[in-house]
Amino acid sequence: DPFANEPFRLPVLRINSQKPFNAEPPLEVLTDSFITPNELFYVRNHLPVPDFDLENFKLEVLVGGRKLALSVDEIKKKYKPVTITTTIQCAGNRRQEMSQYQNVKGLTWGACAIGTARWTGVRLRDILLDAGFDLNDNRFKHIQFNGNDKDITKSSYGGSIPKHKAMSIDGDVIIAYKMNGVDIPRDHGYPLRVIVPGYVGARNVKWLHQVVASDEESSSHWQRNDYKVFSPSTTFETADYKKAQSIQEMPVISAISTPAEGSKVESDDGVIEVKGYAWSGGGRDIIRVDVSADGGKTWKEANLVKDKPGADDSTHSWAWSLWNAEVEVTPGKKNEIVCKAIDSAYNCQPEFIGPIWNLRGFLTNAWHRISVEVED
Ligand code: MTE
Ligand code: MO
């Protein structure tokens with residue numbers, strides 16, 4: 001059994017698939033703290049968690065004909081450490097809502113395939129420059145990453161990002177060895193993981209063992225034939241994966257964490273508290289979250305909580321904003337609570353799922369709607 005040596009996981013996680021392991025924390029606890037505790041951070045594994053022999057492990061960095069091999073200790077000693085606080089989100093977050101609209105293919109994630117952590121490591125840029133990467137060499141257009149988790153054909157999970165993201169001084173792409181101050185837990189990539197702030201979760205390759213400068217995107221299945229979005233009318237027969245763009249930077253999203261969908265809420269004064277998260281990719285900050293208690297007719301601006309705890313080297317707003325709002329409700333009936341966020345580029349979320357529906361159920365970022373019964 002390739003899954004015989006999987007790590008321990010908290011029973012509170014909501015399991016989407018056991019082998020490979022995929023699970024998310026309960027929505028009620030997701031927004032309790034700005035930093036998601038490691039044990040509650042969603043897990044998205046495509047393959048078994050690999051075993052590591054740290055003694056003999058070296059990260060391989062290939063640039064043109066040159067090869068640099070670095071142990072974890074060498075990485076820690078040779079390059080300047082930085083800490084980046086970033087939110088990581090799976091492209092399938094909130095897929096459940098899209099699949100309720102119309103069937104899609106993929107794991108049924110709720111709204112918790114997202115989390116925020118402080119990652120400590122060294123800049124990918126520093127390592128690549130050390131390996132002889134020439135910024136003026138136009139042969140290299142992509143930086144590819146390979147993990148140490150392998151399928152039955154022995155091919156590993158992989159992904160790539162464009163050179164400009166990898167090499168820009170304020171891209172904050174790091175090779176991390178710590179997650180929230182401790183060695184990265186096995187489920188999240190021990191001992192090394194690339195962190196690509198503002199990009200889709202899929203490019204944050206765990207169990208990193210190889211970095212390759214290339215003229216092409218990664219040839220892995222997950223770069224070429226997955227994590228792409230098609231028009232609502234595209235079918236599996238007509239989907240042209242070669243033509244479609246890979247998901248990289250993520251669009252603006254938000255979700256309500258409390259109250260829970262379908263719950264009964266008590267209110268003496270006709271007001272209830274609503275809480276949630278909002279995030280946008282590309283380092284775009286959240287500038288406003290609007291909350292409605294009447295299905296989107298009238299809106300109230302939420303309070304944004306942005307206090308990033310601890311020292312941080314981030315050059316952009318890579319992390320989410322938590323928010324809360326007190327909204328007026330009508331007791332004795334169902335109230336439709338809705339939220340929508342606006343990012344620093346004034347991007348906003350689409351009102352409905354229909355126009356963004358896609359066969360794989362990616363990037364579900366329509367207004368988040370829940371229905372609660374209010375009792376007085
Ligand atoms: N890296 C490897 N090596 N193998 C994987 O299966 N899954 C990717 C990415 N990196 C994956 C990986 C996907 S799709 C996501 S959303 C994130 O890791 C999930 O990270 P997490 O499990 O730490 O939350
Ligand atoms: Mo993902």
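These values consider heavy atoms only, across backbone and side chains, with no hydrogens, waters or symmetry-generated copies. Read the numbers this way: they start at 1 and go in the same order the structure lists the ligands and their atoms.
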Honestly, is Lys228 close enough over Phe362, meaning NZ or CZ under 6.0 Å from the six-membered ring centre and within 45° of the axis? no
Any idea which of [options] brings a heavy atom closest to [atom]?
{"atom": "atom 14 (S) of ligand 1", "options": "Trp222, Tyr227, Tyr42", "result": "Tyr227"}
{"atom": "atom 5 (C) of ligand 1", "options": "Glu24, Arg203, His46", "result": "His46"}
{"atom": "atom 4 (N) of ligand 1", "options": "Asp149, Val194, Asp187", "result": "Asp149"}

What atoms of ligand 1 come within less than 4.0 Å of a heavy atom belonging to [X]?
{"X": "Phe41", "value": "24 (O)"}
{"X": "Val205", "value": "1 (N), 3 (N), 10 (N)"}
{"X": "Val43", "value": "22 (O)"}
{"X": "Cys90", "value": "16 (S)"}
{"X": "Asn204", "value": "9 (C), 10 (N), 18 (O)"}

Under 3.5 Å, which donor-acceptor pairs link side chains of residues 268-283 to any protein atom two or more places apart or in another chain?
from: Asp269; atom 1: OD1; to: Ser267; atom 2: OG; distance (Å): 3.3
from: Asp269; atom 1: OD1; to: Val271; atom 2: N; distance (Å): 3.3
from: Tyr277; atom 1: OH; to: Asn93; atom 2: ND2; distance (Å): 3.0
from: Tyr277; atom 1: OH; to: Ala111; atom 2: O; distance (Å): 2.6
from: Trp279; atom 1: NE1; to: Trp318; atom 2: O; distance (Å): 2.8
from: Ser280; atom 1: OG; to: Asp343; atom 2: OD2; distance (Å): 2.7

With respect to His188, determine whether any N or O atom, backbone or side chain, lies less than 3.5 Å from an N or O atom of ligand 1. yes
Would a distance-only check, ignoring hydrogens and angles, find a side-chain to backbone donor-acceptor pair under 3.5 Å from Asn365 to Val252? yes
Specify the protein heavy atom at minimum distance from [atom]: its residue, its atom name, and the distance to 0.1 Å.
{"atom": "atom 13 (C) of ligand 1", "answer": "Ala202 CA, 3.6 Å"}
{"atom": "atom 7 (N) of ligand 1", "answer": "Arg44 O, 3.2 Å"}
{"atom": "atom 9 (C) of ligand 1", "answer": "Gly201 O, 3.3 Å"}
{"atom": "atom 18 (O) of ligand 1", "answer": "Arg193 NH2, 3.2 Å"}
{"atom": "atom 2 (C) of ligand 1", "answer": "Tyr157 CD2, 3.2 Å"}
{"atom": "atom 1 (N) of ligand 1", "answer": "Lys206 N, 2.9 Å"}

Any Asn45 heavy atom less than 4.0 Å to ligand 1: yes
Salt bridge [X]-[Y], side-chain N to carboxylate O under 4.0 Å:
{"X": "Lys242", "Y": "Asp240", "result": "no"}
{"X": "Asp1", "Y": "Lys19", "result": "yes"}
{"X": "Asp51", "Y": "Arg186", "result": "yes"}

For the NZ atom on Lys306, are there more than 12 heavy atoms of other groups (residues, nucleotides or ligands in this structure) within a distance under 6.0 Å? yes
Inspect the surroundings of NZ in Lys58 and state if more than 12 heavy atoms from other residues, nucleotides or ligands are less than 6.0 Å away. yes
Result of checking Thr120, Asn38, Thr36 against Asn180 for side-chain hydrogen bond (donor to acceptor under 3.5 Å, both in side chains): Asn38
Throw together a table of side-chain donor-acceptor distances under 3.5 angstrom for residues 367-376, partners on residues two or more places apart or in other chains.
from: Trp367; atom 1: NE1; to: Gln349; atom 2: O; distance (Å): 3.2
from: His368; atom 1: ND1; to: Ile256; atom 2: N; distance (Å): 2.8
from: Arg369; atom 1: NH2; to: Glu351; atom 2: O; distance (Å): 2.9

